[in-house]
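First up is the structure itself, then whatever we jot down about it.
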Amino acid sequence: MYLSTSRAADACADTPAPEGPLRAVPGTVFALGLVSLVTDVSAEMVTAVLPLYLMAGLGMSPLAFGALDGLHQGATALLRLVGGRISDRTRRHKLVAGTGYALSAVCKAALLAVTTPWSVAAVLAADRTGKGLRTAPRDALISLSVPPGIQGRAFGVHRALDTAGALLGPLAAFGVLWVAVDGYAAVFTVSACVAVLGVVMLALFVREAPAPPASAAPRSRAQPPVRSLLRIAGLRRLCLTAAVLGLFTVGDAFLYLLLQRRLDLSAVWFPLLPVGTAAVFLLAAVPVGRLADRVGRGRVFLGGHAALLGACLLLPAPLPAGALLVVGVLAALGLFYAATDGVLMAAAGPLLPPELRTTGLAVLQTAQALARFAGSLLFGAAWTMWGPGPALGAAAVGLLLSLAAVSVSGGLRAGEPS
């Protein structure tokens with residue numbers, strides 16, 4: 001039943017979409033969402049326990065963890081360009097994405113064999129290599145499967161399914177830690193098995209993107225892709241905006257650690273903090289994506305960073321260390337992801353020619369990831385030198401100033417719907 005629905009949806013990807021968030025996207029988008037759901041269960045099982053495993057279990061310092069968190073977010077960002085370039089040259093988006101998913105699955109199993117902070121860091125670097133290879137081809141498969149007018153909705157559906165996995169992953173980690181004697185090893189084992197399932201689903205159910213018109217092929221060979229893409233003014237503005245805001249984006253792992261300290265939360269309950277963020281992201285992804293299609297993807301992207309600023313301001317606020325603080329911080333963080341993750345890709349997709357869509361998205365992702373890598377290093381260094389409170393205050397001031405600068409400069413106009 002699913003395969004027949006998928007073929008029918010792919011065949012009419014360029015026709016006007018029916019009403020309803022799930023019926024409005026082709027089967028390729030839905031299948032990729034299911035693959036991301038399963039893969040995110042695997043990834044978030046590890047991510048949910050990693051901060052405490054490294055800092056409390058292996059004794060890593062805040063500065064070292066900041067470097068590792070930056071590595072987790074952006075140290076392999078240039079591989080996004082490699083994945084994008086290979087995909088555009090070969091038109092094998094699915095194969096390149098599948099290679100990245102497979103590499104990450106192998107790394108989940110490798111976590112069982114490493115026991116020192118920097119051996120863990122090496123495995124995580126390889127895992128991020130897989131993510132770097134797969135992200136742009138996967139997003140290109142989504143973007144090429146839908147018309148420009150519903151890009152935000154399509155990415156919202158995908159991100160909602162992806163986030164369902166992000167919600168289930170910490171719950172799975174919590175369950176494993178609750179019942180297992182050797183909790184961390186059990187989490188890594190289950191995570192590896194689930195990651196393999198995601199690779200199998202990609203191979204069986206995801207279809208390759210349709211080829212661009214034949215007239216477009218000579219143009220892609222005539223110009224160096226990155227150089228020609230950077231001549232697109234809208235893409236340049238989006239890259240600059242994403243980099244400026246990314247530099248002051250505090251990683252969610254740091255926010256969870258700060259919240260855990262504020263609440264004096266035990267290690268067993270720590271994996272449940274990402275569940276609240278994922279639940280808000282899941283509920284908001286599709287409506288926020290549709291809102292972005294209507295009112296402007298750039299405006300929504302800016303609003304997402306304003307929500308992150310709200311989370312940074314709530315943590316040191318004179319509120320009781322209870323449910324109100326937890327709900328406020330996690331809700332703001334979930335809205336941040338809902339308004340930025342897929343929305344940025346939806347803003348860029350219509351600006352890019354189909355034959356260079358993957359490379360263009362990779363350029364944007366690389367600019368953002370490198371900025372977040374630098375931001376994590378700076379935040380970790382500030383925490384080490386000044387303590388967590390002043391570090392968070394400095395990040396909030398930087399984010400506020402960057403939001404003001406982007407708003408005044410008009411750098412978000414590239415994300416407005418046509």
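- Here the OG atom belonging to Ser87 is positioned 8.0 Å from the CG atom belonging to Leu141, to the nearest 0.5 angstrom.
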(request) Would you check, one step at a time, whether the test side-chain contact (heavy atoms from CB on, under 4.5 Å) holds for Trp383 with Leu257? (result) CA-CA 12 Å; Trp383 183 330; Leu257 284 170; 4.2 Å; yes
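- No side-chain heavy atom of Thr28 sits less than 4.5 Å from a side-chain heavy atom of Ile142.
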(request) Decide yes or no on side-chain contact (heavy atoms from CB on, under 4.5 Å) for Val280 and Thr163, but give the supporting numbers first. (result) CA-CA 9 Å; Val280 175; Thr163 306; over 6 Å; no
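- Arg159 has no carboxylate O lying under 4.0 Å from a charged side-chain N of Asp40, or vice versa, which leaves the two without a salt bridge.
- Residues Ala160 and Val286 share a closest heavy-atom pair of CB-CG2, 3.9 Å.
- Closest approach of Val244 to Phe248, counting heavy atoms only: O-CD1, 3.6 Å.
- Between Phe155 and Ser143, some side-chain heavy-atom pair lies under the 4.5 Å cut-off.
- Counting heavy atoms from C-beta outward, Val146 and Val29 have side chains that approach closer than 4.5 Å.
- By the 4.5 Å heavy-atom criterion applied to side chains, Ser402 and His305 are not counted as neighbours.
- Considering all non-hydrogen atoms of both residues, Ser191 and Val46 come closest at OG-CG2, 3.5 Å.
- Residues Leu37 and Ala164 approach most closely at CD1-CB, 3.7 Å, considering heavy atoms.
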(request) Begin from the C-alpha positions of Leu378 and Leu247 and carry the test side-chain contact (heavy atoms from CB on, under 4.5 Å) through to its verdict. (result) CA-CA 9 Å; Leu378 290 173; Leu247 188 62; 4.2 Å; yes
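- Taking 4.0 Å as the cut-off between side-chain N and carboxylate O, Asp88 and Arg91 count as a salt-bridged pair.
- Partner of Thr366 under the side chain to side chain contact (heavy atoms under 4.5 Å, CB included) criterion, out of Leu370, Val363, Leu364: Leu370 alone.
- Phe301 has its side chain within reach of Thr241: a pair of non-hydrogen atoms, C-beta onward, lies under 4.5 Å apart.
- To the nearest 0.5 Å, atoms CG (Leu124) and NZ (Lys108) are separated by 8.5 Å.
- Summarising the geometry, atom CZ belonging to Arg299 is positioned 10.5 Å from atom CG belonging to Leu291; distances are rounded to the nearest 0.5 Å.
- The distance from the CE atom of Met201 to the CG atom of Leu34 is 5.0 Å, given to the nearest 0.5 Å.
- The heavy-atom pair separating Ala284 from Leu335 by the smallest distance is CB-CD2, 4.0 Å.
- The closest side-chain heavy-atom distance from Thr277 to Tyr337 is below 4.5 Å.
- Checking side-chain atoms of Lys94 against main-chain N and O of Ala203 turns up a donor-acceptor pair under 3.5 Å.
- Atom CZ of Arg262 is surrounded by more than 12 heavy atoms from other residues, nucleotides or ligands within 6.0 Å.
- When every heavy atom of Ala173 is checked against every heavy atom of Val49, the shortest pair comes out as CB-CG1, 4.1 Å.
- Atom-to-atom distance recorded for Met345:CE and Leu238:CG is 8.5 Å, nearest 0.5 angstrom.
- Side-chain contact of Thr39 with Arg134: a donor-acceptor pair under 3.5 Å is absent, judged by distance alone.
- In this structure, the separation between CG on Leu168 and OG on Ser42 is 12.5 Å, given to the nearest 0.5 Å.
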(message) Before you tell me yes or no, could you show the steps for Val35 and Arg138 under side-chain contact (heavy atoms from CB on, under 4.5 Å), namely the whole-Å CA-CA distance, both residues' side-chain angles and the distance that decides it to 0.1 Å?
(response) CA-CA 10 Å; Val35 171; Arg138 180 204 64 198; over 6 Å; no
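- Taking the side chain as every heavy atom from C-beta outward, Tyr256 and Leu333 approach each other to under 4.5 Å.
- In this structure a side-chain-to-backbone donor-acceptor pair under 3.5 Å is present from Arg357 to Leu352.
- Using a distance-only test at 3.5 Å, with no hydrogens or angles considered, a donor-acceptor pair links the side chain of Asp293 to the main chain of Gly152.
- The shortest distance between side-chain heavy atoms of Ser36 and His158 falls below 4.5 Å.
- In terms of modelled atom types and a separation under 3.5 Å, the side chain of Asp252 and the main chain of Pro274 share no donor-acceptor contact.
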